[in-house]
Amino acid sequence: MKLYFKQKMFSLRQRSEIYDEFGNVLFSAIGEISLARKMHIYDRTGNEVAYVERKLFRLLPRFSIYIMGQYVTDIVKEFTFFKPSYTFERIGWRVDGEIFSHDYRVLSGNMYVASMHKHWMTWGDSYELDIADGQDVVMVLAAVIAIDCVMDANSSNNS
C-alpha cells in the first residue's frame, strides 16, 4: 500500500495530512503545543487512532507510541555516525536509513515492513510510504511521525 505524507508549511501547530494514491486524505497528524513533543494521529472521521510522545531528558531521542490509547512501544534513535538507525522496544522492529537521501526501511527481523522516501523540493516535508501487505498501517504511520520529529529536532539543533 502506498501512502503520501505531506506536512503543512504554515501552521501554528505542526500538521500533516496522509493521502492514498488517489489523493484522498486518510489520516491527519496534529502536533500538541507542549514542552514534550506530542503528535496525535486521527482517522478521516476525526477519531484519534494513535499518538507519539517524546520522552524528555534523554541523551538520544526516544518516543513512545500509543495506539488507541494503549502503550505499544518506544522507538529509540541509536548512536551511529553515518547511517541513522532506530529500534522499537517490545515489538522487534528496526529502522535503517541513509542520512543524505532520507530513505528508510522498516524491518522486523529480515522481513520487510515498510519504506519511507523523502521527496525533495517541496513546501514542507513530504514522504512516500510503501507499506507491505498485512502490516499495521497506523503503527507504521506512528513510526514515520517519530522519525520525522527526530529529523526536525536535529535540523533545529544544527541551525
request  = Under the side chain to side chain contact (heavy atoms under 4.5 Å, CB included) rule, collect the residues that match up with Ala114, sequence neighbours excluded.
outcome  = Val106, Ile131, Val140

message = Tell me every residue that passes side chain to side chain contact (heavy atoms under 4.5 Å, CB included) with Met68, counting only those two or more places apart in sequence or in another chain.
response =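 With sequence neighbours excluded, Met68 shows a side chain to side chain contact (heavy atoms under 4.5 Å, CB included) to Val49, given in chain and number order.
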
task = Apply salt bridge (charged side-chain N to carboxylate O under 4.0 Å, His left out) to Arg44 and list each qualifying residue two or more places apart in sequence or on a separate chain.
result = none

What's the spacing between [X] [atom1] and [Y] [atom2] if we round to 0.5 Å?
X: Ile145; Y: Ile75; atom1: CD1; atom2: CD1; result: 11.0 Å
X: Ile18; Y: Leu26; atom1: CD1; atom2: CG; result: 8.5 Å
X: His40; Y: Arg15; atom1: NE2; atom2: CZ; result: 12.5 Å
X: Ile41; Y: Ser28; atom1: CD1; atom2: OG; result: 10.5 Å
X: Phe5; Y: Lys118; atom1: CZ; atom2: NZ; result: 10.5 Å
X: Phe88; Y: Asp74; atom1: CZ; atom2: CG; result: 10.5 Å

query = Who are the side chain to side chain donor-acceptor pair (under 3.5 Å) partners of Ser108, not counting sequence neighbours?
reply = none

ask   = Sequence neighbours excluded, which residues qualify as side chain to side chain donor-acceptor pair (under 3.5 Å) partners of Asn24?
value =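 If we apply the side chain to side chain donor-acceptor pair (under 3.5 Å) test to Asn24, skipping adjacent residues, the hits are Asp20.
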
Given the rule that I, L, V, M, F, W and Y join up when any side-chain heavy atoms are under 4.5 Å apart, are [X] and [Y] in one cluster?
X: Ile67; Y: Val95; result: yes
X: Leu141; Y: Leu107; result: no
X: Val76; Y: Met39; result: no
X: Tyr104; Y: Ile91; result: yes

ask   = Rest of the hydrophobic cluster containing Tyr71 (Ile/Leu/Val/Met/Phe/Trp/Tyr, side-chain heavy atoms under 4.5 Å)?
value =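 Members alongside Tyr71: Tyr51, Tyr66.
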
ask   = Going by side-chain heavy atoms closer than 4.5 Å, which hydrophobic residues are tied to Phe22, directly or by a chain of links?
value = none

inquiry  = Would you say that Val137 contacts Phe27 through its side chain, given a criterion of any heavy-atom pair below 4.5 Å between the two side chains?
reply    = yes

request  = Could you tell me which residues satisfy ring pair (Phe, Tyr, Trp, His ring centres under 6.0 Å) with Phe63, sequence neighbours excluded, listed by chain and number?
outcome  =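 For Phe63, no residue satisfies ring pair (Phe, Tyr, Trp, His ring centres under 6.0 Å) once neighbours in sequence are set aside.
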
task = With sequence neighbours excluded, give me every salt bridge (charged side-chain N to carboxylate O under 4.0 Å, His left out) pair touching residues 85-96.
result = Arg62-Glu89, Arg94-Asp96

message = Does anything in residues 128-140 form a side chain to side chain donor-acceptor pair (under 3.5 Å)? List the pairs, not counting sequence neighbours.
response = Lys2-Glu128, Tyr112-Asp130

